[in-house]
Structures are given as C-alpha cells and as structure tokens.
Amino acid sequence: MLINRIEVVDILSESSNVKRYYDYFKIHGFDIKRDLKKFNISIKEYQKVLNDLSKPNYFTNPKGCLQANDDNTLIVKKLYVSYRNQSKRDGLRVIALIIIVNVGNKIYILPFHMYSKNKKSDLTQLEENLLKKILVDLDFKGGKNEY
C-alpha cells in the first residue's frame, strides 16, 4: 500500500474526538499522563517522541507488532524511540494503536502507553491481555472508522 499521509495523534489533546481515545485507554489501565510523570518524561520530550513517530520506519518494521485485527487495519505495536542520549534499543518503549485507513491511504498513530526500558523491561501479562481486549473491542465498535 502506498502511504499518502502519516499522522501522529497527540492523545493528550483536548479535542473531543481524541479525548475519547485517551479516556478509553485510561479506563483500561493505560494512562499516558501517569506514564509521563512516573518516568519523568517532560512535555518537550513527549512532543519529540511524537515527532519521531511520524517517520515511516516506525510502522513499516514488523518487529514489535503485539496485536492486529484480521485485515491489519488496527494494529497495536511496541515502538522503540531514542531518549535522552540513549539509542532506540535502550530508550523509550511506546505502545501505540495504529489505524490504517485504506481510503486516502492514511495511517494514524495514537501512542497511549510509554515506559523507559531501564525502569520497566516489558509489558506485564495483564497489560498484554488488555491489549488483546482493546483491539477486539475497537475492531468490533468500528474504532478505525472514527477518524
């Protein structure tokens, strides 16, 4: 698929369309505001992460795909981001919902969980189970069609 547009969505935005996603993820235990505070990530660093995620290599690499629906239009993926002079390998982990909209060939990336590798090595089993539930729920509700 030829991609015409990649848009990284700031889930902390006050836009009602985006705020719904923040609230949804928060209800399921993924609170990016809490993550920023817990791992001492400043808003400036958060904005840099969003900017870095807009680069195509973050979603074209199959590594890090945690869950996907049957037609691969909703994907939950672990993305690796350099952070505070650390390489991608040692930096931040960003869990994001990737929505692929075939009409217009657009990709939306919604980061909803972040953690520093040196403070948390990986997702817990509970978090992985929640990601499966979230993906099924969003796919069933047509979450990919709401953008």
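Just so it is clear, the values below take in all heavy atoms, side chains as well, and ignore hydrogens, waters and symmetry mates.
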Tell me, do [X] and [Y] make a side-chain contact under 4.5 Å, heavy atoms counted?
X	Y	result
Leu130	Phe30	yes
Lys106	Glu7	no
Ile41	Tyr83	yes
Tyr24	Lys19	no
Ile32	Phe112	no
Thr124	Asn129	no
Leu74	Leu97	yes

Single-linkage hydrophobic cluster, 4.5 Å side-chain cutoff, Ile27 and Leu123 together: no
Any side-chain donor near an acceptor of the partner, Asn51 and Gln47, under 3.5 Å: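 No, because no side-chain N or O of Asn51 sits under 3.5 Å from a partner of the opposite role on Gln47.
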If I compare all heavy atoms of [X] with all of [Y], which pair ends up nearest, and what's the gap?
X	Y	answer
Ser13	Val18	CB-CG1, 4.1 Å
Ile11	Tyr46	N-OH, 3.6 Å
Val9	Pro111	O-CD, 3.4 Å
Ile109	Leu53	CD1-O, 3.5 Å

Separation between CD1 of Ile99 and CD1 of Ile107, rounded to the nearest 0.5 Å: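 CD1 of Ile107 is found 11.0 Å from CD1 of Ile99.
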Inter-residue atom distance Lys78.NZ - Leu92.CG, 0.5 Å rounding: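 These two atoms lie 12.5 Å from each other.
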Qualifying salt bridge (charged side-chain N to carboxylate O under 4.0 Å, His left out) pairs, either residue in residues 41-50, two or more places apart: Glu45-Arg84, Lys48-Asp52
Selection residues 29-39 - residue pairs positive for side-chain hydrogen bond (donor to acceptor under 3.5 Å, both in side chains), sequence neighbours left out: Tyr22-Asp31, Asp35-His113
Glu128: salt bridge (Lys or Arg N to Asp or Glu O under 4.0 Å) partners, not counting sequence neighbours: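 For Glu128, no residue satisfies salt bridge (Lys or Arg N to Asp or Glu O under 4.0 Å) once neighbours in sequence are set aside.
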Residues that Asp10 engages under salt bridge (Lys or Arg N to Asp or Glu O under 4.0 Å), provided they are two or more places apart: none
For Asp90, all residues meeting side chain to side chain donor-acceptor pair (under 3.5 Å), sequence neighbours excluded: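 Listed in chain order: nothing, the list is empty.
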Side chain to side chain contact (heavy atoms under 4.5 Å, CB included) assessment of Tyr108 paired with Val8: CA-CA 6 Å; Tyr108 296 97; Val8 178; over 6 Å; no
Ile100/Ile75 under side chain to side chain contact (heavy atoms under 4.5 Å, CB included): CA gap, chis, key distance, verdict: CA-CA 8 Å; Ile100 300 173; Ile75 301 168; 3.9 Å; yes
Test: Asp122 and Arg93 ion pair at under 4.0 Å: no
Check against side chain to side chain contact (heavy atoms under 4.5 Å, CB included), Met114 and Phe39: CA-CA 8 Å; Met114 287 185 183; Phe39 298 108; 5.8 Å; no
Sequence neighbours excluded, every pair satisfying ring pair (Phe, Tyr, Trp, His ring centres under 6.0 Å) that has a member inside residues 118-137: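 Counting only pairs at least two positions apart or across chains, no ring pair (Phe, Tyr, Trp, His ring centres under 6.0 Å) contact touches residues 118-137.
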